[in-house]
Engineer: 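What follows is a single structure, and I will ask about it in a moment.
Just so it is clear, the structure is predicted and the values come from calculations on it, not from any experiment.
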Amino acid sequence: MAKKNTIANNGLTVIENYNNLFTQISRAQTVDEVRAMVASAKEFISLYKTVDKNLVNRIYEKLQSKMNDLLEENEFVYQRTNARVEEVRNRTYDFTAEKDDTQAVQAKLLQLMAKMPKVYNNTNANRITKELNDCINSGVVGSKAVLELLKYPAYADRVSTAVRERAFEGSKSPAQKAFENGNAAQLRENEQALASVYMQGFHLRNIAKQVTAFKKPSAWNPENEAV
């Protein structure tokens, strides 16, 4: 089994390892890179804590500074992405461009009401459902007419939720459906991005706690002093 290449056995001088680690810390961005960076820093500190205290201190300070920068950047990206999610979530369709079909809906409503039986019972329940579905199937105007009919308690309390939902969806124009579908896709995309940023921040905060923990003098300070 090949021997793992570490700072202790790579054959480089303390200065060369210091320079390589400094570069590694500077370039780290992803959580995996940050984990590797912290592992290398711990190894460097453990290996050289009695050799060159100044280099060890510089590495730790560089590490702390890098973690602070990453956490600040993550918080900034999280807030920006969250604002984008809220902006997309709060968008509403602009109905001002829609054609006024009020008269057509009222005419369709009167036609529909004329077809409705005077008394609602189990015998004519299926007939009422069929009339409503036929009206919905006729298009946007018919769907809006059904919604208007359902404002009357005599029908609202007896019509199934499925019919009500079909009428609601059917009342939307092609433009409104396109807007809602596009907005829903953008919302999903931004919510996924927000979740990703949140998880990155979660991992970074845990790593930052580990970095702070091994700062304790008893862990690596050769003179057992606070640094």
Engineer: Starting at OG of S40, measure out to CG of L21 and round the result to the nearest 0.5 Å.
Structural biologist: 6.0 Å
Engineer: Under 4.0 Å between a side-chain nitrogen and a carboxylate oxygen: does that hold for D32 and R35?
Structural biologist: yes
Engineer: For E180, give me all partners under side chain to side chain contact (heavy atoms under 4.5 Å, CB included), at least two apart in sequence or on another chain.
Structural biologist: K172, Q176
Engineer: Is it the case that the side chains of N17 and Y48 hold a donor-acceptor pair, with the cut-off being a distance below 3.5 Å and no angle test?
Structural biologist: yes
Engineer: Quick test of your reading of the model: are E148 and K108 salt-bridged, counting only N-O distances below 4.0 Å?
Structural biologist: no
Engineer: Do any N or O atoms from the side chain of K62 and from the backbone of F22 form a donor-acceptor pair under 3.5 angstrom?
Structural biologist: no
Engineer: Would a 4.5 Å heavy-atom cut-off, applied to side chains only, mark V14 and F44 as touching?
Structural biologist: yes
Engineer: With side-chain contact (heavy atoms from CB on, under 4.5 Å) as the criterion, how do S173 and F179 come out once you've worked through the C-alpha distance, each side chain's angles and the decisive distance to 0.1 Å?
Structural biologist: CA-CA 10 Å; S173 67; F179 168 83; over 6 Å; no
Engineer: Counting N and O atoms only, with roles assigned by atom type, does the side chain of S46 sit under 3.5 Å from a partner on the main chain of K42, one being a donor and the other an acceptor?
Structural biologist: no
Engineer: Keeping the roles fixed (side chain from S143, backbone from G139), state whether a donor-acceptor pair exists under 3.5 Å.
Structural biologist: yes
Engineer: If Ile, Leu, Val, Met, Phe, Trp and Tyr residues are connected whenever their side-chain heavy atoms lie under 4.5 Å apart, and connections chain through other members, are V141 and V163 in the same group?
Structural biologist: no
Engineer: Quick one: CG on N82 to CD on E75, what's the gap to the nearest 0.5 Å?
Structural biologist: 9.5 Å
Engineer: When rounded to the nearest 0.5 angstrom, what is the spacing between CG in N20 and CD1 in I25?
Structural biologist: 11.0 Å
Engineer: In terms of hydrophobic clusters joined by side-chain contacts under 4.5 Å, are I128 and V146 together?
Structural biologist: yes
Engineer: So do the side chains of T129 and S160 get within less than 4.5 Å of each other, counting heavy atoms only?
Structural biologist: no
Engineer: With hydrophobic residues grouped by side-chain heavy-atom distances under 4.5 Å, do M37 and V31 end up in a single group?
Structural biologist: yes
Engineer: On a heavy-atom basis, which atom in A145 and which in L109 lie closest, and how many Å separate them?
Structural biologist: O-CD1, 3.5 Å
Engineer: Between NZ of K144 and CD of Q106, what distance do you get to the nearest 0.5 Å?
Structural biologist: 11.5 Å
Engineer: Within a radius of less than 6.0 Å around NZ of K130, do more than 12 heavy atoms belonging to other residues, nucleotides or ligands occur?
Structural biologist: no
Engineer: Between E33 (side chain only) and T30 (backbone N and O only), is there a donor and an acceptor less than 3.5 Å apart?
Structural biologist: yes
Engineer: Regarding R89 and N183, is there a side-chain donor-to-acceptor distance under 3.5 Å anywhere?
Structural biologist: no
Engineer: Quick check for you: to the nearest 0.5 Å, what is the distance between T81 atom OG1 and E191 atom CD?
Structural biologist: 12.0 Å
Engineer: When you compare the side chain of S26 with that of K66, does any pair of heavy atoms fall below 4.5 Å?
Structural biologist: no
Engineer: Do M67 and V34 come close enough that some side-chain heavy atom pair is under 4.5 Å?
Structural biologist: yes
Engineer: side-chain contact (heavy atoms from CB on, under 4.5 Å) between L149 and L132: does it pass, once the steps are laid out?
Structural biologist: CA-CA 9 Å; L149 181 70; L132 294 177; 3.5 Å; yes
Engineer: With a 4.5 Å cut-off on side-chain heavy atoms, are N133 and I136 touching?
Structural biologist: yes
Engineer: Nearest heavy-atom pair of Y60 and V211: which atoms, and what distance?
Structural biologist: OH-O, 2.9 Å
Engineer: Strictly distance-based, threshold 3.5 Å: is any side-chain N or O of D52 a donor or acceptor partner for the main-chain N or O of L55?
Structural biologist: yes
Engineer: Could you tell me whether the side chain of E98 and the main chain of F95 form a donor-acceptor pair under 3.5 Å?
Structural biologist: no
Engineer: For the hydrophobic clusters of this structure (ILVMFWY residues joined by side-chain heavy atoms under 4.5 Å, transitively), does one cluster hold both L112 and V105?
Structural biologist: no
Engineer: Between Q186 and R84, does any side-chain donor sit less than 3.5 Å from a side-chain acceptor?
Structural biologist: no
Engineer: Between E61 and R58, is there a side-chain N and carboxylate O pair less than 4.0 Å apart?
Structural biologist: no
Engineer: Apply the test side-chain contact (heavy atoms from CB on, under 4.5 Å) to residues Q29 and L70: give CA-CA distance (whole Å), side-chain angles for both, the deciding distance (0.1 Å), then the verdict.
Structural biologist: CA-CA 8 Å; Q29 291 295 329; L70 289 172; 4.0 Å; yes
Engineer: Using side-chain heavy atoms (C-beta onward) and a distance below 4.5 Å, is R164 in contact with F168?
Structural biologist: no
Engineer: Return the CD to CG distance between Q64 and N68, rounded to the nearest 0.5 Å.
Structural biologist: 6.0 Å
Engineer: May I ask you to list the residues sharing a hydrophobic cluster with L187, side-chain cutoff 4.5 Å, ordered by chain and number?
Structural biologist: F76, V77, Y78, V85, V88, L194, V197, Y198, M199, F202
Engineer: Identify whether I207 and L63 are in the same connected component of the hydrophobic contact network (ILVMFWY, side-chain heavy atoms under 4.5 Å).
Structural biologist: yes
